[in-house]
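Down below is the structure, laid out as structure tokens.
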Amino acid sequence: MAERTTCVVIGGGPAGMVAGLLLARAGVEVTVLEKHADFLRDFRGDTVHPSTLTLLDELGLGEKFHALPHSELTAAGFPMEDGTLMKLADFTRLRVPHPYIAMVPQWDFLDLLAESARKEPTFVLRTETECTGLVREHGRVAGITYRTADGETGELRADLVIAADGRWSLARREAGLVPHEYDCPFDVWWFRLSRHENEEGGMLMPRMRDRRFAVPLPRPGFFQIAYLSPKGEDLGKQGIEAFRHNVTQICPEFADRVHELESMDDVKMLDVRLNLLRKWHVDGLLCIGDAAHAMSPIGGVGINLAVQDAVAATTLLAEPLLRGRPSEADLAKVRSRRLAPTLLVQGLQRVLHRTVMRAVMAGKRNGPPAPMIKLFARFPRLSYLPARLLGLGLRPEHAPAFARRPMEPVGR
């Protein structure tokens, strides 16, 4: 016998958990499926941008979030060969309650959302439960099939399926939705190294030299480091000694701790994608976050856009779900609302890929193009524009009235 809920959300990442929390606060019966037993996985996006920080305040979760171990990035830029700094994005210029990017382990962020959502009587989080396919009925998606870690299988019927299952979305593929892929000249190799107490952590500064590109992200007690390599280049075959050498060549300050990388098992590779669905839905199913538009790690905006997708979707669909089954016209409104912000951020990423990343990966340049450097040096206030686009987006989404709560004190 098939089980039933009003809405099933596939994926317990930022988009899925925010959608589940907000729908539950609207009184919608919602079940979030997460294939893992918990959220404890490293080398996921850990950037929480100013617009998401404002959202957490509106949801009453701001104080609890800021009690989590985190670091704060107030600016992003490029160190120049002459020792000066080109400040590309200055988040302190934003007139928002939290003018910075918070670096926090994603599992802590997701645990906070799950803890709050579980207080709602219509919310269910099913861990160790993997979506295996879509259920179709009368030409529309009517639910999902699943398998648990114990091998149990079943069906979960729903008026709406929200696919928040990432860039390799099974639900998207099963629905026949194919994204348009944009050129991306690099992959990312993630690892962590210890961080000394006296090392600065408020500025995001990529390093570029001789086809090498690294971005040390300061976290409490350690650096999470993104090492970028030309697309398709398998650094694993070169071995750990060669990898350590490459790291110290571009980040010599890590020479005293690079031995912490004992083998290439300590390094995780991300196949970077930048793509966009032309259509985000079919009847009965909606894609959001990376399932609708995989983002480049440039700017760390993937979580921010995924969360904003979730807020827009719940704002637009909560009432139709309470009335019954959302129509295709209802689902199409989500894409209409979120398309321009997505296109603008992806456009900026594509420009940076073309003007900076491709030249660095080809060994033709060790920094941004000279005209860009001169422009930002002459007009430093221009650093507001990338900060606005990356930190807030074109259309920041705010919590709908039904989801807002008074600020919850820490410890409750």
Side-chain angles (χ1 to χ4, degrees), residues 6-28 30 32 45 47-62 64-65 94 96-98 101-102 106 109-110 112-114 116-117 120 122-123 160-166 277 280-281 286-293 295 300-322 326 330-345 388-405 407-408:
T6 300
C7 179
V8 59
V9 180
I10 308 170
M17 291 307 303
V18 169
L21 170 61
L22 269 61
L23 286 174
R25 286 190 174 184
V28 175
V30 56
V32 178
T47 54
V48 181
H49 287 59
S51 64
T52 303
L53 296 173
T54 298
L55 173 70
L56 290 171
D57 285 347
E58 295 167 348
L59 297 175
L61 301 177
K64 287 187 172 182
F65 176 85
L94 301 177
V96 293
H98 308 287
I101 294 176
Q106 191 175 117
F109 178 49
L110 296 176
L112 174 63
L113 296 174
S116 181
E120 305 298 327
T122 59
F123 177 85
L160 176 65
V161 175
I162 296 180
D165 49 343
L277 283 178
W280 293 16
H281 77 279
L286 172 70
C287 295
I288 61 174
D290 278 1
H293 47 75
M295 308 300 292
V301 294
I303 292 177
N304 201 42
L305 280 177
V307 167
Q308 293 193 36
D309 283 357
V311 176
T314 53
T315 299
L316 292 168
L317 299 177
E319 185 175 339
L321 281 166
L322 290 170
D330 292 327
L331 301 183
K333 290 177 183 177
V334 178
R335 174 186 178 275
S336 296
R337 180 164 173 156
R338 296 302 309 156
L339 183 59
T342 302
L343 288 174
L344 191 58
V345 173
R388 175 67 169 76
L389 184 56
L390 297 177
L392 302 179
L394 178 65
R395 182 175 186 170
E397 299 289 347
H398 292 277
F402 61 75
R404 296 184 178 230
R405 298 290 186 274
M407 189 66 68
E408 296 181 19

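The model shown is predicted, which means the values in this text are computed figures rather than measured ones.
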Legend entry - Check: Phe65 and Leu59 side chains under 4.5 Å, non-hydrogen atoms: no

Inset, instruction - Could you tell me whether the side chain of Leu394 reaches within less than 4.5 Å of the side chain of Val345, counting heavy atoms only? - result: no

Inset, instruction - Hey, could you give me the CG/CD1 distance between Asp290 and Ile303, rounded to the nearest 0.5 Å? - result: 9.5 Å

Inset, instruction - Would you indicate whether the side-chain heavy atoms of Val48 and Leu53 approach each other to under 4.5 Å? - result: yes

Legend entry - Trace of the side chain to side chain contact (heavy atoms under 4.5 Å, CB included) decision for Val311 with Val18: CA-CA 7 Å; Val311 176; Val18 169; 4.0 Å; yes

Inset, instruction - Would you please say whether a donor-acceptor pair under 3.5 Å links the side chains of Ser116 and Arg25? - result: yes

Inset, instruction - Please name the pair of heavy atoms, one in Ala332 and one in His281, separated by the smallest distance, quoted to 0.1 Å. - result: CB-CE1, 3.8 Å

Legend entry - Parallel, tilted or perpendicular: rings of Trp280 and His293 (30°, 60°): tilted

Legend entry - Chi angles and distances behind the side chain to side chain contact (heavy atoms under 4.5 Å, CB included) call for Asp309, Val334: CA-CA 8 Å; Asp309 283 357; Val334 178; 5.8 Å; no

Inset, instruction - Using the test side-chain contact (heavy atoms from CB on, under 4.5 Å), find all partners of Lys64 that sit at least two apart in sequence or belong to another chain. - result: Leu112, Glu115, Lys119, Glu408

Legend entry - Rounded distance (nearest 0.5 Å) linking atom OG1 of Thr47 with atom CD of Gln106: 8.5 Å

Legend entry - For Cys287 against Ala292, the heavy-atom pair lying closest together: O-CB, 3.6 Å

Legend entry - Point-to-point distance, once rounded to the nearest 0.5 Å, from CG of Leu61 to CG of Leu55: 8.5 Å

Inset, instruction - Quick one: closest heavy-atom pair of Ala19 and Ala310, and the distance? - result: N-CB, 3.8 Å

Inset, instruction - Output the distance between atom CZ (Phe402) and atom OG1 (Thr315), rounded to the nearest 0.5 Å. - result: 5.5 Å

Legend entry - Sequence neighbours excluded, every pair satisfying side-chain hydrogen bond (donor to acceptor under 3.5 Å, both in side chains) that has a member inside residues 388-399: Glu58-His398, Arg337-Glu397, Arg338-Glu397

Legend entry - Considering all heavy atoms, the nearest Pro14-Val307 contact: CB-CG2, 4.0 Å

Inset, instruction - Please round to the nearest 0.5 Å and tell me the distance separating atom CG of Leu305 and atom OG1 of Thr52. - result: 9.0 Å

Legend entry - From Leu94, Asn304, Leu390, residue fulfilling side-chain contact (heavy atoms from CB on, under 4.5 Å) relative to Pro50: Leu94

Inset, instruction - Could you tell me whether the side chain of Leu23 reaches within less than 4.5 Å of the side chain of Ile162, counting heavy atoms only? - result: yes

Legend entry - Side-chain touch Pro341/Gln308, heavy atoms, less than 4.5 angstrom: no

Inset, instruction - Considering non-hydrogen atoms only, spot the tightest contact between Gly62 and Asp57 and give its length. - result: CA-OD1, 3.2 Å

Legend entry - Flag side-chain contact, heavy atom, 4.5 Å: Thr54 against Pro396: no

Legend entry - Separation of Ile288 CD1 from Arg335 CZ (nearest 0.5 Å): 15.5 Å

Inset, instruction - Taking all non-hydrogen atoms of both residues into account, name the closest pair between Glu120 and Ala24 and its distance. - result: CB-CB, 3.7 Å

Legend entry - Pairwise side-chain contact, Val28 with Thr314, heavy-atom cut-off 4.5 Å (strictly under): no

Legend entry - Side chains of Val30 and Leu321 in contact at under 4.5 Å (non-hydrogen atoms): no

